[in-house]
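Residues take their numbers from the sequence shown, with the count starting at 1. Every number for a ligand or one of its atoms is a count from 1 in the order of the listing. Fair warning: this is a prediction, and the values are worked out from it, not measured in the lab.
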Amino acid sequence: MAAQIIDGKAIAAEVRKQVAEDVKALQASHGLTPGLAVVLVGEDPASKVYVKNKAAQTVEVGMKSFEYKLSETTSEQEILDLVQKLNADPEVNGILVQLPLPKHVNAEKVLNSIDPDKDVDGFHPTNVGRLWIGERTLVPCTPTGSAILAKKVMPRLKGVNAVVIGRSNIVGKPMAALLLRESCTVTIAHSQTEDLPAVCREADLLVAAVGRPEMVKKDWIKPGAVVIDVGINRVPGENGKTKLVGDVAYAECAEVAGAITPVPGGVGPMTIACLLQNTVTAAKIQKNIKD
Ligand code: GUN
């Protein structure tokens, strides 16, 4: 039987609708309109598109958007000074410094200078620690979005065998932490894992976040499993054009899986929706407002 296709575009729209309602409720109860500041350094074309989409969607859900576009040659100190200014600005509840940063800038130093309570990316070591010990915190957006998609087709995650392929700080590790919080039995697999296909075949829930085009094949999938594909890889397509593919060989895996996310249109649209959600959470954390 063909897999159910998990429609990330539609589910992201539902999340944004909920965020817009949360913003209205915060305005009514506390006179508070959350604000998100995005810092873009340089001219990376993909980053420019992301930042433009982020700003448009921030305004669409009724929040304040602050954009800082700095030249490629901006010094590390100038970026650190800007972050300090945003940390101190009460109108700014969330700060996102778009990656990648130019080579002459120490990205870790910049990210670690963001006030953890405004760190809507959830990358700050304080937030990483809070996530693993189960405290209320800001969780990285892509894993959050992936977990929402998985729950749509697998509402009860308790006891489920979950395999995450990839151990990055941005996706693999926080994904594993989130699934553990949902009481899954979690395996983190990676490039050094022995017999990766056999490990994946044990998964009721498989999350692929390795950045290798179409690496996961049909015979890696347990029949009926839920497959969440975090990969976004640009590869040569037809007529000299390029196309986007995930880390999962979609067409063949869809023949075996119970449910699967497409690329594009799966995890991708969830990331910005979860960023907006995090900005509301950040505003509530800062004002000590319970969920
Ligand atoms: N560049 C691409 N994706 C992201 C993201 O989720 N956060 C930041 N800060 N930069 C990115």
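Residues Glu67 and Leu40 fail the side-chain proximity criterion, which asks for heavy atoms closer than 4.5 Å. Side-chain contact between Leu99 and Leu111: present, with at least one pair of heavy atoms (C-beta onward) separated by less than 4.5 Å.
Residue Val97 approaches ligand 1 through these ligand atoms, each under 4.0 Å from one of its heavy atoms: 8 (C), 9 (N). Atoms of ligand 1 found under 4.0 Å from any heavy atom of Leu96 (numbered from 1 in listed order, with element): 9 (N). Near Tyr50, with a cut-off below 4.0 Å to any heavy atom, the atoms of ligand 1 are 2 (C).
Both the backbone and the side chain of Leu99 come within contact range of ligand 1, each with a heavy atom under 4.0 Å. Proximity of Leu275 to ligand 1, defined as any heavy-atom pair under 4.0 Å, is not found for any part of the residue.
A donor and an acceptor atom, one from each side chain of Thr279 and Asn93, are nowhere located under 3.5 Å apart.
Scanning all protein heavy atoms for the shortest distance to atom 6 (O) of ligand 1 gives Asp121 OD1, 3.8 Å. Looking only at protein heavy atoms, the nearest one to atom 4 (C) of ligand 1 is Gln98 NE2, 4.3 Å.
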Show me, pair by pair, the donor-acceptor contacts under 3.5 angstrom made by side chains of residues 172-185, not counting sequence neighbours?
from   : atom 1 : to     : atom 2 : distance (Å)
Lys173 : NZ     : Asn169 : OD1    : 2.9
Glu182 : OE1    : Lys151 : NZ     : 3.4
Glu182 : OE2    : Lys151 : NZ     : 2.9

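Considering both main-chain and side-chain atoms, Pro100 never comes within under 3.5 Å of ligand 1 through any nitrogen or oxygen pair. Checked by distance only, ligand 1 and Thr271 stay at 3.5 Å or farther apart across all their nitrogen or oxygen atoms.
Atom CZ of residue Arg136 and atom CD1 of residue Ile285 lie 5.0 Å apart, to the nearest 0.5 angstrom.
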- Message: Before you tell me yes or no, could you show the steps for Met63 and Val280 under side chain to side chain contact (heavy atoms under 4.5 Å, CB included), namely the whole-Å CA-CA distance, both residues' side-chain angles and the distance that decides it to 0.1 Å?
- Response: CA-CA 9 Å; Met63 298 197 292; Val280 171; 4.1 Å; yes

- Task: Would you check, one step at a time, whether the test salt bridge (charged side-chain N to carboxylate O under 4.0 Å, His left out) holds for Arg130 with Asp117?
- Result: CA-CA 11 Å; Arg130 285 175 179 161; Asp117 288 347; 3.2 Å; yes

